[in-house]
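Note that ligands are numbered from 1 as they come in the structure, with each ligand's atoms numbered from 1 the same way. Positions are given from 1 along the sequence.
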Amino acid sequence: MAVILDGKSLAQKIKDQLKQEVEEYIKKGLRKPALAVILVGNDPASEVYVRNKRESCSYVGINSLFFHLSEDTTQEELLELIGKLNGDEDVDGILVQLPLPSHISTSEIIDAINPKKDVDGFHPINIGKLATGQDDGIIPCTPLGIWIMLKHYKIDILKKDVVIVGASNIVGKPMSLLFLKNEDSTVTICHRNTKDLAKHTKNAEILIVAVGKPNLITADMVKEGVVVIDVGINRLENGKLVGDTDFENIKEKASAITPVPGGVGPMTVASLLINTISIYRQKMGFSKHPLTEV
Ligand code: NAP
C-alpha cells in the first residue's frame, strides 16, 4: 500500500513558514512582497485558479494586485500593461493566467515579461537557465513544487529511471530539465506520439504524468514499488475531480503516490509564493529563497 504524498498539508506548512518570513520583513520596516496577477476574460476554471492564488498570497502577506481584463482586450493593451508592471519597482512578480484568448499570442506575452519578474518561470531566459544548469533563473511552479515534495518525502532519485508522460512547456519539459540538472537520474519523456506508452511507464521507478486524460495510466502499466506523481486535473461528468492515473488500483502497487485533489495542485500554488518571495528577497539584497535551491 502506497504512502500518500500529501501535497495539501505540505503546502500549508510551507505557507505558514512563508507567512512568518514575511512578518519578519515587515518588522524590519520593509514593504510587503507584491505579485501582479493578470486575468484576461472569464474562463471559470481560470477564475478559480486566480482566486486560489490570490487567497494564498493574502494568507502569507504578499500584496496581490489584480488586473481583470475583458475578453476583447487587445494584445497591444496587454503588452502595455506588462510594460508598466515591468517598470514598477514595487512589483516583484508578474503572473499572466493561461490560457489567453485565441487572438493573443501566448509566447509573445510570455516573452514580454521581465525575466526577473517571471514568477511562473515560463520565459525562454528562465527555461534556458534551467536547461544550462544556471542557478539564477526562476523555476516553473509545478516542477518546483514536485521537486520540493520529492525532497520532503525523502524519495531517492539517485540513478533512478524517471519517466515523464506529457511534454508541455509548463510541466513536462521543465520537469525533465530539473531532473537532468544534477544528472542524478535517467529521464525519458513520453508524448502523444510515443509508440508504446506502457513499455516506458512499466520501466519507471518514478513516474510523472501530466497530460489531462483521466485513467490514462492504469495499474497494469506500472511496476511494483513505483513512485507516482499525478499532475493531471480532470473534471468528470459527475463533477468529481480526478488525475490522469487510476489512483485506487495503482496505490496497491506503488510505494508512493499523489492524490488528486490534494497532491501537486497545492504545491504549485506554494511554489508561486516561494518564487515571488525569492524575487523580493533578491531585490532587498538577501539571497534567493532556500526552497528554490534544486
Ligand atoms: P498540455 O499543455 O495540454 O500538455 C499535455 C501534454 O501531454 C502534451 O505534451 C500532449 O501532447 C501530451 N499528450 C496528449 N495526449 C497524450 C497521450 N495519450 N500520451 C502521452 N502524452 C500525451 O497540458 P499541461 O498544461 O502540461 O497540463 C497537463 C495536465 O496537468 C492538465 O490536466 C492540467 O490541468 C494539469 N495541470 C495541473 C497542474 C497542477 O498544479 N496540479 C499544473 C499544470 C497543469 P500534444 O501537445 O501533442 O497534445
**Student:** Does any part of the side chain of Lys15, heavy atoms only, come nearer than 4.5 Å to the side chain of Ser56, both counted from C-beta?
**Tutor:** yes
**Student:** So which bit of Val260 gets within less than 4.0 Å of ligand 1, heavy atoms only: side chain, backbone, both or neither?
**Tutor:** neither
**Student:** Short check: is a protein heavy atom less than 4.0 Å from atom 27 (O) of ligand 1?
**Tutor:** no
**Student:** Given Val231, Val211, Asn234, which one has a non-hydrogen atom that is nearest to atom 38 (C) of ligand 1?
**Tutor:** Val231
**Student:** Heavy atoms only: which of Met175, Arg192, Lys173 is nearest to atom 47 (O) of ligand 1?
**Tutor:** Arg192
**Student:** Establish whether atom 15 (N) of ligand 1 and some protein heavy atom are separated by less than 4.0 angstrom.
**Tutor:** yes
**Student:** Do Asp16 and Gln20 meet the criterion of a side-chain donor-acceptor pair at a distance under 3.5 Å?
**Tutor:** no
**Student:** Considering heavy atoms of the protein only, find what lies nearest to atom 44 (C) of ligand 1 and give residue, atom and distance to 0.1 Å.
**Tutor:** Val171 CG2, 4.0 Å
**Student:** Please report which non-hydrogen protein atom sits nearest to atom 12 (C) of ligand 1, along with the residue it belongs to and the distance in Å to one decimal place.
**Tutor:** Gly166 CA, 4.1 Å
**Student:** Please tell me whether Tyr25 and Glu21 have a donor and an acceptor in their side chains that are separated by less than 3.5 angstrom.
**Tutor:** yes
**Student:** Among all protein heavy atoms, pick the one closest to atom 24 (P) of ligand 1 and tell me residue, atom and distance.
**Tutor:** Ser168 OG, 3.7 Å
**Student:** Measure the shortest side-chain to side-chain distance between Leu207 and Val227 over non-hydrogen atoms and say whether it is less than 4.5 angstrom.
**Tutor:** no
**Student:** Given Phe179, which partner from the list Ile189, Leu150, Asp184, Thr186 fulfils the side chain to side chain contact (heavy atoms under 4.5 Å, CB included) test?
**Tutor:** Leu150
**Student:** As an exercise, identify every atom of ligand 1 less than 4.0 angstrom from a heavy atom of Thr142.
**Tutor:** 40 (O), 42 (C), 43 (C)
**Student:** Determine whether the side chain, the backbone, both or neither of Val165 has a heavy atom under 4.0 Å from any heavy atom of ligand 1.
**Tutor:** side chain
**Student:** Which bit of Thr268 is near ligand 1, meaning a heavy atom under 4.0 Å away: side chain, backbone, both or neither?
**Tutor:** side chain
**Student:** Are any non-hydrogen protein atoms located under 4.0 Å from atom 10 (C) of ligand 1?
**Tutor:** no
**Student:** Side chains of Gln97 and Lys53: any donor to acceptor distance under 3.5 Å?
**Tutor:** yes
**Student:** Just which atoms of ligand 1 are under 4.0 Å from any heavy atom in Ala210?
**Tutor:** 5 (C), 6 (C), 7 (O), 28 (C)
